[in-house]
Amino acid sequence: MDRDWAEPLDLDAVAGHAGYSRFHFVRAFKTVYGETPGQYLSRRRIERAEELLRSADLSVTEICSLVGFSSLGTFSTRFKKQTGLTPSEYRTKHVGRGAALIPGCYALLWAGAFPRRRSEEPRPGDHPTASGPMAREPVVREPVVREPVERSSGNRSSEDRNSEEAG
């Protein structure tokens, strides 16, 4: 869940991966973490939204979508419940206390908000979660090191030269 926090929660798949039924998984998760998987995921999404509100020049609606909420109303309600501020109030309070905001186009590109076209197949070196022209990993080429070639003088073989040098 921490790795794919922006994706919809498939509780049956997560529970199956853990080897539990859906209902037993929810009970065990709540016993260990003190909240249900849905509450946990919502909290993690809000934490990510807080980071984006402080650092990226994106609208609240874009951030809502990027962190995995499908409803702006639900996002705003849960954000205010967790932080005590609306997303806009949070941004106003925290912007200007550090580095400049990252331009929205770069933040969207980094977050993978530009899906690949169906005709585009991943190429070797593509970043697994990003898309678009900046998604390729830089190609690092090793420098070519050429060893010096010994020039022969005349028709002597290398064995002849080696025996002369040794003796």
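Quick caveat, the model's predicted, so the values are computed rather than measured. Starting from 1, each residue takes its place in the sequence as its number.
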request  = Return yes if some donor-acceptor pair links the side-chain N/O of Ser42 with the main-chain N/O of Gly38 below 3.5 Å, else return no.
outcome  =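 Flag not set: sc Ser42 to bb Gly38 has no pair under 3.5 Å.
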
Give me the atom names and distance for the closest heavy-atom approach of [X] to [Y].
X     : Y     : answer
Ser59 : Glu62 : N-OE1, 2.8 Å
Leu85 : Lys93 : CD1-CD, 3.8 Å
Glu50 : Tyr90 : OE1-OH, 3.1 Å

How long is the span from the [atom1] atom in [X] to the [atom2] atom in [Y], to the nearest 0.5 Å?
X     : Y     : atom1 : atom2 : result
Lys80 : Ser88 : NZ    : OG    : 11.0 Å
Arg22 : Arg27 : CZ    : CZ    : 12.5 Å
Leu52 : Asp57 : CG    : CG    : 11.5 Å

key: Full working for side-chain contact (heavy atoms from CB on, under 4.5 Å) between Gln82 and Glu47   = CA-CA 9 Å; Gln82 185 169 324; Glu47 289 169 358; 3.9 Å; yes

task = Walk me through it: do Glu51 and Arg54 pass the test salt bridge (charged side-chain N to carboxylate O under 4.0 Å, His left out)?
result = CA-CA 5 Å; Glu51 181 182 327; Arg54 287 190 309 265; 5.4 Å; no

request  = Apply side-chain contact (heavy atoms from CB on, under 4.5 Å) to the pair Arg45 and Arg78, showing each step before the final yes or no.
outcome  = CA-CA 10 Å; Arg45 287 175 174 172; Arg78 290 188 182 166; over 6 Å; no

inquiry  = Would Phe69 and Ile46 count as a side-chain contact (heavy atoms from CB on, under 4.5 Å) here? Give the steps.
reply    = CA-CA 10 Å; Phe69 283 94; Ile46 296 297; 3.9 Å; yes

query = Are Val67 and Phe75 close enough, and set up right, to give a side-chain contact (heavy atoms from CB on, under 4.5 Å), and what steps lead you there?
reply = CA-CA 9 Å; Val67 298; Phe75 169 70; 4.2 Å; yes

query = Hey, quick one: are Val32 and Tyr40 part of the same hydrophobic cluster, counting side-chain heavy atoms closer than 4.5 Å, chains of contacts allowed?
reply =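 Hydrophobic grouping puts Val32 with Tyr40.
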
message = With side-chain contact (heavy atoms from CB on, under 4.5 Å) as the test, pick out the partner of Pro87 among Leu72, Ile63, Thr61, Val60.
response =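 With Pro87 as partner, side-chain contact (heavy atoms from CB on, under 4.5 Å) holds for just one option, Val60.
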
